[in-house]
Amino acid sequence: MPAELISTVGAAGRPAAGRPASAVPALARATGLDAATFAERHWGRAPLLARAVDPHAFADLLDLDAVDELLSRRALRTPFIRLARDGTVVDSRSFTGSGGVGAEIADQVRDDRVAAMFGEGTTVVLQALHRTWPAVADFARELGGELGHPVQANAYVTPASSKGFSAHYDVHDVFVLQVAGRKHWTVHAPVHADPLRSQPWNDHAAAVAARAADDEPALDVVLEPGDALYLPRGWLHSATALGGVSAHLTVGVHVVTRYALVEALTALVADDPRLRASLPLGVDVADPAALGPHLEAVREALVDALAALPADAVAARVRERVWSGGRPEPVGPLAAAAFADGLSPGDVVRPRAGLSMRVVERGGSAVLELPDRTLALPASTLVALRAVTGPGRHTVGSLPGMDQADQLVLVRRLLREGVLVAATGP
């Protein structure tokens, strides 16, 4: 990878100090760049180091007090936590135990055991924080929406001068957000570019070890609080805490690749009977000469079948992965039910943040496609449905194409389906 593709954004490129975190798009917080520039220069291509304008830039997402709360008061269970020592994952039975009276659970975190092991140099990994910590969940949801790819988030908390994992690569892109302490990062160019999820680093362990030991690093940097680092999948990296406890968030982007289109096409051509036909009785599949004619017939049929597949069928298949990969904003069941029951003209609603959806007209109905289901509504709702599921806030009674009574019925249904939420605040 050419060195000139690796760049650093200084403090001048990051959002201004004092500006509310919620006012800065998630991608800009992590990169200091606008989306177009990041896409052109770095997305899937090259690392980016973004230096802090404010050492507390990510403190609203996670800090050491939050880590202690998660470990001691949130009743975490595996696999929401794992520990690592000298690059090896620790058996979870050494730091989990019974939940006690009234909680028939055998794998809750024992904070005293974690404290002892952390004091001995063990790294704590808090997994799936986009499901357990609200601030991280909100950030991950926003970032995923900007990127168009599902996002997850883990935290790595490392004792002083300890190394969590040896050189390795991830099969997803990552944004590293330093939240506390200092950490020395060493980054090397890939040995296997753009790995798929089925191609983990240990498949290339020897090459990874050789590259890390023998080659000059592409990046050799110390991350301070507020710094951020973007690494495309496949880039080798290892990190060591310096002089004190270090904590960073790793926001993983489960990129949708071109191979996902291949998988969708492969699944869809199963509808072609020529490609489902059995091979002849007694065929020796180990003999290339015997298999050759059948392989040629399959190639011809495959070309025909692929050419006949419409783009909308492929899109529907691929979107299942993307739409179900993230979590929309939480809905309070009791408050949501109360709001729906008391809905009246003048109430204001908005689409649920992070919920992927699409409105189409099909078979004489207005169809709302959601990640896990499809809602078929009367055709007379189509205009109002498109309006109320669009961006922004919408006032019940002012939707186009429906009278007030029918608007109440439609909006109440969408509230109960978790498609809309009450729009509060200014």
**OP:** Evaluate the salt bridge (Lys or Arg N to Asp or Glu O under 4.0 Å) criterion for residues R258 and E263: first the C-alpha distance (whole Å), next the side-chain angles of each, then the deciding distance (0.1 Å), finally the verdict.
**Re:** CA-CA 9 Å; R258 287 186 171 181; E263 292 174 319; over 6 Å; no

Original post:
Is the distance between the ring centroids of F38 and Y230 less than 6.0 Å?
Top reply: yes

Subject >> Step-by-step salt bridge (Lys or Arg N to Asp or Glu O under 4.0 Å) determination, R274 to D304 >> reply: CA-CA 10 Å; R274 295 172 297 173; D304 290 343; 3.4 Å; yes

Subject >> Residue pair T240 / K183, side-chain donor-acceptor N/O under 3.5 Å >> reply: no

Original post:
Would you say the side chains of H248 and T250 form a donor-acceptor pair under 3.5 Å?
Top reply: yes

Original post:
How many angstroms lie between atom CG of D173 and atom CG of D194, to the nearest 0.5 angstrom?
Top reply: 8.5 Å

Original post:
Got a sec: does the CZ of R73 have more than 12 other heavy atoms crowding it under 6.0 Å?
Top reply: no

Original post:
Do S94 and D91 have a side chain donor and acceptor closer than 3.5 Å?
Top reply: no

**OP:** Using distance alone, with no hydrogens and no angle criterion, decide if S356 and E369 have a side-chain donor and acceptor under 3.5 Å apart.
**Re:** no

Original post:
Is E69 atom CD crowded by more than 12 heavy atoms from other residues, nucleotides or ligands, each under 6.0 Å away?
Top reply: yes

Original post:
Is the closest basic N to carboxylate O distance between R141 and E146 below 4.0 Å?
Top reply: no

Original post:
Does a donor on one side chain and an acceptor on the other come within less than 3.5 Å for D107 and T96?
Top reply: no

**OP:** Locate the shortest heavy-atom distance separating P351 from V388; write the atom from each residue and the value.
**Re:** CG-O, 3.8 Å

Original post:
Distance from T266 atom OG1 to L268 atom CG, nearest 0.5 Å?
Top reply: 9.0 Å

Original post:
Can we say R416 and D341 salt-bridge, meaning some charged N sits less than 4.0 Å from an Asp/Glu carboxylate O?
Top reply: yes

Original post:
Relative to the ring of H149, is the ring of W43 parallel (under 30°), tilted (30 to 60°) or perpendicular (over 60°)?
Top reply: tilted

Original post:
Are S365 and T381 close enough that some pair of their side-chain heavy atoms sits under 4.5 Å apart?
Top reply: no

Original post:
Any salt bridge between R182 and D227, counting N to O under 4.0 Å?
Top reply: no

Original post:
Between R197 and H254, do the side chains contain an N or O donor and an N or O acceptor separated by less than 3.5 Å?
Top reply: yes

